[in-house]
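One structure below.
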Amino acid sequence: MDAEDFPKKYNSKETEEKYIKYWQENKIYKFDKKDTKKKIYSIDTPPPTVSGKMHLGHSFSYSQTDMIARYKRMKGFNVFYPFGTDDNGLATIMLIEKTKKIRANKMERGEFIELCLKTLEELRPQYVQDWKRIGLSADFDLFYTTINEHCRKISQESFIDLYKSGRIKRKNSPIMICPKCRTAIAQVELEDAEKDSFLSHIKVQIIGTKEHLVFATTRPELLPACIGISVHPDDQKYKDLIGKYVKMPLTGAKIQITPDEETDMNYGTGVVYYCSYGGMECIEWMSRHTDVEPINVMDVNGIYNSKAGKYEGLNSIKARTQIIEDLKKDGCLVKQEPIKHIVNTHERCGTDIEFVATEQWFIEYLDLKDRLLEAGAKLNWNPSHMRNRLDNWIKGLKWDWCLSRQKKFGVPIPVWYCKKCSEVIIADKKQLPIDPLEDKPLLKKCQKCGCNEFLPEKDVLDTWATSSMTPQIAAKLVPERYNDIYPMDLRPQAHDIISFWLFNTMVKSQLHNNINPWKDVMISGWALDPKGKKMSKSKGNVIEPQKMIENYSADAIRYWAAKSKLGDDVSFKEEDLRTGMKLCIKLWNASKFCISHLTECKQDEIKTDNIYEILDIWMMEKTNQQIEKATNYLDNYQYSAAKKEIEFLFFNTFCDNYLEFIKYRIYNEELTKSKKSALATLNSVIFDVLTMFAPFIPFITEEIYQLSFKQIKKEKSIHLCSWPKSKPTGDKQCLRTGDLFCEIIAQIRQYKNKNNLSLKTQIKQIKIFLKTKEEKELIEKIIEDIKGVGIVEKISLYVNEQQEENIFVTF
RNA sequence: GGUCCGGUGGUCUAGUGGUAUGACGUCGCCUUGACGUGGCGAAGAUCGUGAGUUCAAUUCUCAUCCGGACCACCA
């Protein structure tokens with residue numbers, strides 16, 4: 001080691017940029033596919049959606065995962081830590097349209113996909129750079145993007161396999177559509193919105209009598225699709241009407257009044273009318289009244305068709321106005337009551353969703369709820385309560401997974417249909433990835449009817465159909481080690497997408513391989529603004545991590561990310577970054593101090609065998625304790641608790657106490673036995689501290705390592721060094737002695753403080769009162785240390801069993 | 001409406017069946033040879049509210065209030 005090279009001040013910006021390059025050039029984090037000795041630890045890294053820049057929430061949760069990855073690497077695992085980007089969804093379409101100033105709808109699908117791929121190629125490096133900048137130790141050569149060939153192939157393979165096993169089916173069934181985006185949407189894409197509406201009370205005539213019946217509805221426009229009217233069987237008001245028919249206004253349709261226990265007697269008039277489809281409740285009602293045929297008045301584009309009669313060509317909003325108008329004319333509208341109610345909207349655009357029966361592709365999984373709940377219970381959840389969210393979601397599932405999306409961009413559904421008999425022609429796995437719009441099936445003739453003309457499926461797959469395959473996608477990047485990588489060890493992700501990504505990935509893995517895709521899950525919280533609110537562009541409270549890195553450092557951001565317990569949301573406070581910087585500066589200075597003294601002697605003079613002084617053994621044992629605690633915490637994904645232990649060891653025990661305890665010994669110019677003992681301790685502890693900090697603040701620890709220990713330890717990077725092990729001295733009594741010593745020094749410091757004395761002021765004499773004889777004997781052994789550290793000339797020891805304190809010092 | 005999480009000094013936070021951790025802030029002292037973007041020290045919370053279990057509860061149970069999240073939702 002050479003102390004000359006150690007700069008007085010730490011320059012985080014230069015250093016961090018230097019090591020991003022260094023790590024990349026030296027492939028420090030490369031997954032070693034040939035290494036069969038080390039156990040693999042595989043991580044199913046979340047692929048961020050390519051859109052603009054990395055946000056603060058990313059830097060928060062990815063840092064947390066990275067701490068675990070770095071820890072596992074130091075623990076001797078062959079860490080499989082890929083990095084991908086998600087770019088086959090709507091966000092990407094919007095990004096491409098904006099960047100290239102084009103409209104997807106006006107292009108051929110193949111052409112648009114090509115453009116997307118090309119544009120993403122241009123944008124991606126800059127985007128990924130942000131993740132490198134926070135010091136992510138992923139192997140960026142293990143890279144995928146959810147729209148590339150590799151992923152399209154795997155996603156289509158998955159489709160074909162599940163089709164063949166009968167899980168994927170094309171069905172005519174009611175689905176949710178967004179009339180604005182003109183596509184099918186899934187349960188998970190819904191968002192609640194409270195909206196103002198009217199409850200329209202509509203009067204209908206009971207056939208064969210002069211009586212009328214009034215029902216209330218928020219969807220009067222669906223009157224042409226009315227298929228039933230129900231009352232509660234116990235409702236005295238309407239009991240006698242059950243079985244009778246009513247004549248609907250405007251359409252003249254004859255509808256029977258049926259009993260239905262689900263009807264709420266107290267809502268509206270107690271009479272409900274059902275349409276195909278006004279909402280979830282209509283679909284459920286139909287499942288209870290199977291003899292009724294639906295009247296599909298709406299097409300998949302959200303426009304009323306000829307079955308809606310004179311309302312053909314309108315959308316719901318226009319039809320509503322018109323129908324209300326017509327009902328008024330006919331005198332059938334009793335009243336309109338303003339109400340506020342919660343409606344399901346499309347989360348992307350806020351449009352009210354509609355229900356339409358069409359042909360779509362589904363994965364049927366409602367029969368698997370129990371099995372999925374069991375599978376979820378087998379995962380090792382961190383924190384454990386996050387499992388409730390998955391359970392909740394599975395129990396509440398009502399819909400099969402609708403896979404088809406009417407979008408221009410995405411992974412094409414690998415299917416054609418026979419022109420003559422509509423038979424499904426599924427692609428051959430050998431030809432994947434394909435686009436049925438451009439490619440032809442390998443099959444020359446329809447096996448059913450012999451026709452040789454095929455119509456391509458135009459729809460693409462739901463983006464989650466692909467991202468639910470990330471464990472397989474990543475593992476197949478290293479096909480020769482596939483079985484060692486998949487199932488993976490860890491899925492890290494944030495809690496908001498448990499019902500999307502986590503659940504869907506489990507479903508796929510269960511359906512394909514009958515296993516869970518990973519052993520452990522690690523659920524991060526969210527980064528909130530300083531007031532604890534979600535950050536959003538519209539609120540203008542977005543904090544850019546890039547600026548914070550610029551102003552503070554990536555280490556400081558990571559330090560902040562390590563502050564919260566796993567799963568907890570954390571609000572961003574700039575002070576925390578300052579605290580992080582403070583730690584870095586302290587670590588820098590302490591290391592500088594240690595190294596400047598360690599360079600005075602040769603390595604073989606400061607081996608741990610040379611440690612014999614009580615306070616040195618005390619320091620070693622304190623370190624052992626904290627190593628054990630930190631290791632245990634990290635094994636359980638509790639990075640914040642681990643960080644706290646390491647910080648306590650470093651700040652409190654090492655800097656505030658130990659370094660002060662040994663100064664009087666190491667400033668001795670002679671290399672005495674006692675000084676060697678101290679230097680050996682310094683040498684051991686500072687390195688352990690550095691390595692333990694390395695997963696949290698990888699840049700500064702690397703710089704210190706490169707400037708000092710590299711010459712001895714030989715590893716190219718501190719991140720390739722081993723995680724420290726406890727080094728028992730076999731002398732536990734020193735722990736007690738050292739702790740007593742700390743108390744004595746604290747009292748001396750207090751005394752000097754109260755008397756406005758500098759700490760280096762010499763004190764003539766002190767008396768130390770111990771409670772027991774044993775303690776007095778312990779202290780006798782370190783009298784010289786007390787004199788040296790406290791700068792005291794004379795010390796007398798007494799035993800006083802009566803006193804309350806363990807130690808009492810008088811001056 | 002269901003489920004879950006949280007409510008600890010001025011602020012944020014740790015934690016535990018025996019009155020509490022740290023950070024920031026505040027105040028005082030110290031220009032000590034790693035560090036003034038420093039060091040040392042001090043003040044400051046009875047752990048949301050009520051009840052119960054217990055020798056003992058901030059920690060367990062129940063109720064209640066207040067935040068927050070996820071899910072569901074009514075024609």
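Order of the sequence lines sets the chain letters (A, B, ...), proteins ahead of strands, with each chain counted from 1.
- Residue contacts shown for C655(A) include a base, since a base heavy atom lies under 4.0 Å away.
- For the residue pair Y559(A)/E647(A), the side-chain donor-acceptor check at 3.5 Å is satisfied.
- Heavy atoms of N392(A) sit under 4.0 angstrom from at least one base atom.
- Contact check on K563(A) versus D576(A) returns a salt bridge, with a Lys/Arg side-chain nitrogen under 4.0 Å from an Asp/Glu carboxylate oxygen.
- Under the 6.0 Å distance and 45° angle rule, K622(A) does not count as a cation-pi partner of F654(A).
- Counting only heavy atoms from C-beta on, L759(A) has its side chain closest to U32(B) among G41(B), U32(B), U3(B).
- Taking the P atom of each, C74(B) and C4(B) are spaced 24 Å apart, rounded to whole Å.
- Nucleotides U8(B) and A45(B), compared at atom C1', are 7 Å apart to the nearest Å.
- The side chain of K565(A) sits closest to G15(B) out of C4(B), C35(B), G15(B).
- Atom OH of Y751(A) and atom P of C30(B) are 15 Å apart (whole Å).
- Note on K643(A) versus E645(A): no salt bridge recorded, every NZ/NE/NH1/NH2 to OD/OE distance being 4.0 Å or above.
- Atom CD1 of I646(A) and atom C1' of A14(B) are 16 Å apart (whole Å).
- Look at the C1' atom in both U31(B) and U26(B): the space between them is 23 Å, to the nearest Å.
- The nearest whole Å value for the distance from the CD atom in E647(A) to the C1' atom in U13(B) is 13 Å.
- In this structure, U11(B) forms a base pair with A23(B), meeting either the Watson-Crick or the G-U wobble geometry with both donor-acceptor distances under 3.5 Å.
- Nucleic acid contact class of N756(A) (heavy atoms, under 4.0 Å, all strands): sugar-phosphate only.
- Taking the six-membered ring where the residue is Trp, the centroids of F650(A) and Y658(A) are separated by 6.0 Å or more.
- You'll find that the side chain of K8(A) is closest to C35(B), out of C35(B), U37(B), C24(B).
- No engagement by I498(A) is indicated, since no non-hydrogen atom pair under 4.0 Å with the nucleic acid exists.
- As judged by a 4.0 angstrom heavy-atom cut-off over every strand, E660(A) is placed among the base-contacting residues.
- Counting only heavy atoms from C-beta on, K534(A) has its side chain closest to C70(B) among C40(B), C70(B), C12(B).
- Going from the P atom of C12(B) to that of G48(B) covers 14 Å, rounded to whole Å.
- Using a 4.0 Å heavy-atom criterion, one finds that G228(A) contacts no nucleic acid atom at all.
- Base pairing annotation: A56(B) forms no Watson-Crick or G-U wobble pair, as no partner gives both donor-acceptor distances under 3.5 Å.
- Using atom C1' as the reference point in both U13(B) and U49(B), the two lie 22 Å apart (nearest Å).
- Between A23(B) and G41(B), the distance separating the two P atoms is 11 Å to the nearest Å.
- The R389(A) side chain lies nearest to C70(B) when the options are C73(B), C70(B), C40(B).
- Taking atom C1' in both G52(B) and A57(B), the straight-line distance is 12 Å, to the nearest Å.
- The gap from the C1' atom of G7(B) to that of U58(B) amounts to 12 Å, rounded to the nearest Å.
- Projected onto RNA chain B by closest heavy-atom contact, A590(A) and K563(A) fall at different nucleotides, the more 5' of which corresponds to K563(A).
- With both pairing distances under 3.5 Å, G1(B) is matched to C71(B) as a Watson-Crick or G-U wobble pair.
- Using a 4.0 Å heavy-atom cutoff across all strands shown, K754(A) reaches no nucleic acid atom at all.
- With hydrogens and angles left out, the side chain of K586(A) and the base of C35(B) share a donor-acceptor pair within 3.5 Å.
- Nearest-nucleotide mapping onto RNA chain B: of M386(A) and Q638(A), the residue sitting toward the 5' end is M386(A).
- When the P atom of G38(B) is taken as reference, atom CG of L587(A) falls 15 Å away, rounded to whole Å.
- At whole-Å resolution of the value, NE2 in H341(A) and C1' in A72(B) are 16 Å apart.
- Note on D616(A) versus R665(A): salt bridge recorded, some NZ/NE/NH1/NH2 to OD/OE distance being below 4.0 Å.
- Not one side-chain nitrogen or oxygen of Q750(A) sits closer than 4.0 Å to the OP1 or OP2 atom of C40(B).
- Among the nucleotides U32(B), G39(B), C71(B), the one closest to the side chain of F651(A) is G39(B).
- For S758(A), taking side-chain heavy atoms from C-beta onward, the closest of the listed nucleotides C30(B), A72(B), A23(B) is C30(B).
- Within the 4.0 angstrom heavy-atom criterion, only backbone atoms of the sugar-phosphate kind lie near D656(A); the bases stay farther away.
- In this structure, CG of L390(A) is placed 13 Å from C1' of U3(B), rounded to the nearest angstrom.
- Counting all heavy atoms, side chain and backbone alike, I175(A) lies closest to C402(A) at CG2-SG, 4.3 Å.
- Across the strands present, C62(B) finds its partner in G50(B); the criterion is a Watson-Crick or G-U wobble pair with both atom distances under 3.5 angstrom.
- Among the heavy atoms of the strands lying under 4.0 Å from T263(A) is at least one base atom, whether or not backbone atoms are also near.
- Side-chain nitrogen and oxygen atoms of K582(A) include at least one within less than 4.0 Å of the OP1 or OP2 phosphate oxygen of C24(B).
- Using a 4.0 Å heavy-atom distance criterion, K663(A) is classed as a base contact.
- Between G15(B), A42(B), G28(B), one nucleotide has an atom nearer to the side chain of N753(A) than all others, and that is G28(B).
- One can place CH2 of W588(A) at 18 Å from P of U37(B), the figure rounded to the nearest angstrom.
- Closest to the K398(A) side chain, of the nucleotides C74(B), A72(B), C12(B), is A72(B).
- Atom-to-atom, OH of Y559(A) to C1' of C12(B) comes out at 13 Å; the value is rounded to the nearest Å.
- Both tests hold for R491(A) against W501(A): distance to the six-membered ring centre under 6.0 Å, angle to the ring axis within 45°.
- Evaluated for a salt bridge (charged side-chain N to carboxylate O under 4.0 Å, His left out) with K675(A), the options E670(A), E600(A), E669(A) yield exactly one hit, E600(A).
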